[in-house]
There are 2 protein chains.
Amino acid sequence: MGKRETTYAMVERSPFFQAAGAAAMQDLLQPSFTQLLPKGTVLFEQGEEAEFLHLLLEGSVGLQAKGDQGGTTIVEIFGAGEIFVAPAVVLRLPYLPSAMALTEIRVLMIPAQHFRDRLAASLDLSRATVELLSRHWRLMVDQVVDLKLNSVEARVSRFLARRVSEEAGAGCAALPEPRAAIAARLGMTPETLSRTLAALETKGRLRRGARGPTVRDRSALVHS
Amino acid sequence: MGKRETTYAMVERSPFFQAAGAAAMQDLLQPSFTQLLPKGTVLFEQGEEAEFLHLLLEGSVGLQAKGDQGGTTIVEIFGAGEIFVAPAVVLRLPYLPSAMALTEIRVLMIPAQHFRDRLAASLDLSRATVELLSRHWRLMVDQVVDLKLNSVEARVSRFLARRVSEEAGAGCAALPEPRAAIAARLGMTPETLSRTLAALETKGRLRRGARGPTVRDRSALVHS
DNA sequence: GGTGCGAATTGACCCAGATCAAGAGCGACC
DNA sequence: GGTCGCTCTTGATCTGGGTCAATTCGCACC
């Protein structure tokens with residue numbers, strides 16, 4: 001079937017698959033299944049035992065965490081091809097954040113116990129997981145630095161820049177996720193995000209369109 | 001020799017050692033060596049190739065990162081028994097942050113290539129590394145949530161609470177690191193940290209002494 | 001026991017971004 | 001095609017924490 005073909009092709013392209021190799025992945029994926037879920041679906045809730053490792057095939061999901069004094073943020077937004085949430089699965093601990101579909105998504109569900117079993121048996125898979133976690137740690141370090149050192153405008157600019165192709169150096173940065181989610185990911189209010197996009201437009205850095213803002217010059221956006 | 005005895009005993013108590021098991025650790029530690037370094041020493045610089053995995057035996061080190069628009073922060077402060085910076089070692093990539101001794105330190109240096117070799121050979125070590133990275137990822141998630149949702153006072157309170165023993169519920173939170181480092185870790189200026197400590201003192205939450213602030217009631221500090 | 005110097009505290013002021021409160025689009029569904 | 005219920009944007013105001021400057025503290029070294 002065509003749909004299953006593309007699914008496998010997408011899985012194959014993910015960096016995790018590359019690192020683990022086809023053999024290990026075959027074993028891993030055998031009892032997994034895909035789900036098609038509408039925007040807004042909660043994949044799992046903060047505090048639940050981890051039952052699945054997720055590989056996102058299409059759309060984006062947000063990892064949402066509650067602070068202890070109340071209030072929630074989005075800690076990370078994952079796109080197609082990315083895997084979450086390995087730490088909870090590995091440590092057999094409750095999920096630290098909840099996960100919510102920010103758009104309609106297609107996601108591959110890998111049973112947690114099966115993943116742990118394969119992990120204990122396969123060095124290749126283990127190695128790929130180490131690399132995955134390393135990359136994810138670096139993402140979070142990057143975000144912490146961003147939050148601590150950069151202004152709202154710089155954070156928005158960096159976020160948009162990561163959404164336009166690096167080689168083209170320009171293009172339309174689609175923002176299919178709700179504004180509130182993006183604002184939370186960037187550590188600001190939706191109002192401030194909106195104002196900042198408006199400010200970037202008057203500065204000529206982008207043009208706001210229906211399918212998201214169009215960036216004129218990617219490098220000019222980041223460096224200033 | 002007594003000193004080597006205690007070194008090994010400390011290594012043995014670290015969670016990473018527990019997870020990896022004595023056999024794997026024996027192999028890992030064979031070509032490692034310890035160093036005694038004064039406060040202010042730079043262990044490695046952001047952008048250098050990773051040459052060592054570090055296990056901190058005594059003192060504290062700060063992971064310091066530069067933002068791309070200039071300015072630096074401290075992303076994390078590690079204490080005795082903790083391992084850093086596995087991601088750079090694993091990925092054979094340059095260190096993302098620099099590391100600086102915030103106090104006098106004793107640190108075990110594990111050659112990077114040796115670590116990677118053992119990692120590729122030992123499932124136990126691999127598994128321990130996966131768990132280590134998972135815990136470190138969670139630490140960073142926690143910090144991101146803290147930065148996004150909590151006020152300066154709440155962040156300082158949480159930080160102090162983690163420095164007093166949980167069972168006692170009170171005690172002296174030694175702050176041997178320079179104030180500027182702690183402030184950077186918490187995403188604020190040294191001035192604000194100072195003022196916040198003063199404010200917590202007038203509220204009766206702590207008493208400031210020479211060997212760091214003494215917390216009267218740990219749980220009152222966190223929950224308010 | 002000065003005395004010199006960097007780190008920590010305190011004080012006065014200011015500003016980026018939050019908050020509160022209207023509007024403006026924009027689909028979905030009758 | 002209207003109108004209900006969104007999300008998004010814009011406007012006005014407020015405030016937490018940053019900035020800059022002046023002490024004061026702690027302590028190594030003479």
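Below, chain A is the first sequence line, B the second, and so on; all start at residue 1.
- With rounding to the nearest 0.5 angstrom, the CG atom of B:Leu55 is 5.5 Å from the CG atom of B:Leu108.
- Screening residues 63-80 of chain B for side-chain hydrogen bond (donor to acceptor under 3.5 Å, both in side chains) gives A:Arg158-B:Asp68, B:Glu76-B:Arg185 as the qualifying pairs, with residues at least two apart or on separate chains.
- For residues 197-208 of chain A, the set of pairs meeting the side-chain hydrogen bond (donor to acceptor under 3.5 Å, both in side chains) definition, not counting sequence neighbours, comprises A:Glu153-A:Lys203, A:Glu201-A:Arg208, A:Arg205-A:Ser224.
- For the pair B:Leu43 and B:Ile105, the minimum side-chain heavy-atom distance is below 4.5 Å.
- Applying the side-chain hydrogen bond (donor to acceptor under 3.5 Å, both in side chains) test to every pair with at least one member in residues 165-176 of chain A, sequence neighbours left out, gives no pairs at all.
- Here A:Pro176 pairs with A:Thr103, A:Arg163, A:Ala174 under the side chain to side chain contact (heavy atoms under 4.5 Å, CB included) rule; sequence neighbours left out.
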Let me have a per-nucleotide readout for nucleotides 6-19 of chain D, 5' to 3', with B, S or -, counting only protein heavy atoms under 4.0 Å.
--SBBBB----SSB
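- At a non-hydrogen distance threshold of 4.0 Å, nothing from residues 69-79 of chain A comes into contact with DNA chain C.
- A salt bridge (Lys or Arg N to Asp or Glu O under 4.0 Å) check over residues 34-43 of chain A, counting only residues at least two apart or in different chains, returns nothing.
- Protein chain B contacts DNA chain C over a range whose 5' and 3' limits, counting nucleotides with an atom under 4.0 angstrom from a non-hydrogen atom, are C:dA8 to C:dA12.
- When the local axes at the two ends of the helix from C:dG1-D:dC30 to C:dA22-D:dT9 are compared, using 5 base pairs at each end, they differ in direction by 40° after rounding to 10°.
- Remark: A:Arg135 engages A:Pro15, A:Glu131, A:Leu132, B:Leu91 in a side chain to side chain contact (heavy atoms under 4.5 Å, CB included) (not counting sequence neighbours).
- Listed by chain and number, the residues in a salt bridge (charged side-chain N to carboxylate O under 4.0 Å, His left out) with B:Glu45 amount to none (sequence neighbours excluded).
- Side-chain atoms of A:Leu147 and A:Gln143, non-hydrogen and from C-beta on, do get closer than 4.5 Å to each other.
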Apply side chain to side chain contact (heavy atoms under 4.5 Å, CB included) to residues B:Thr7 and B:Arg106 and explain how you reach the verdict.
CA-CA 9 Å; B:Thr7 295; B:Arg106 210 163 90 248; 2.9 Å; yes
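- Among residues at least two apart or in separate chains, ring pair (Phe, Tyr, Trp, His ring centres under 6.0 Å) pairs with a member in residues 130-173 of chain B are B:Phe78-B:His136.
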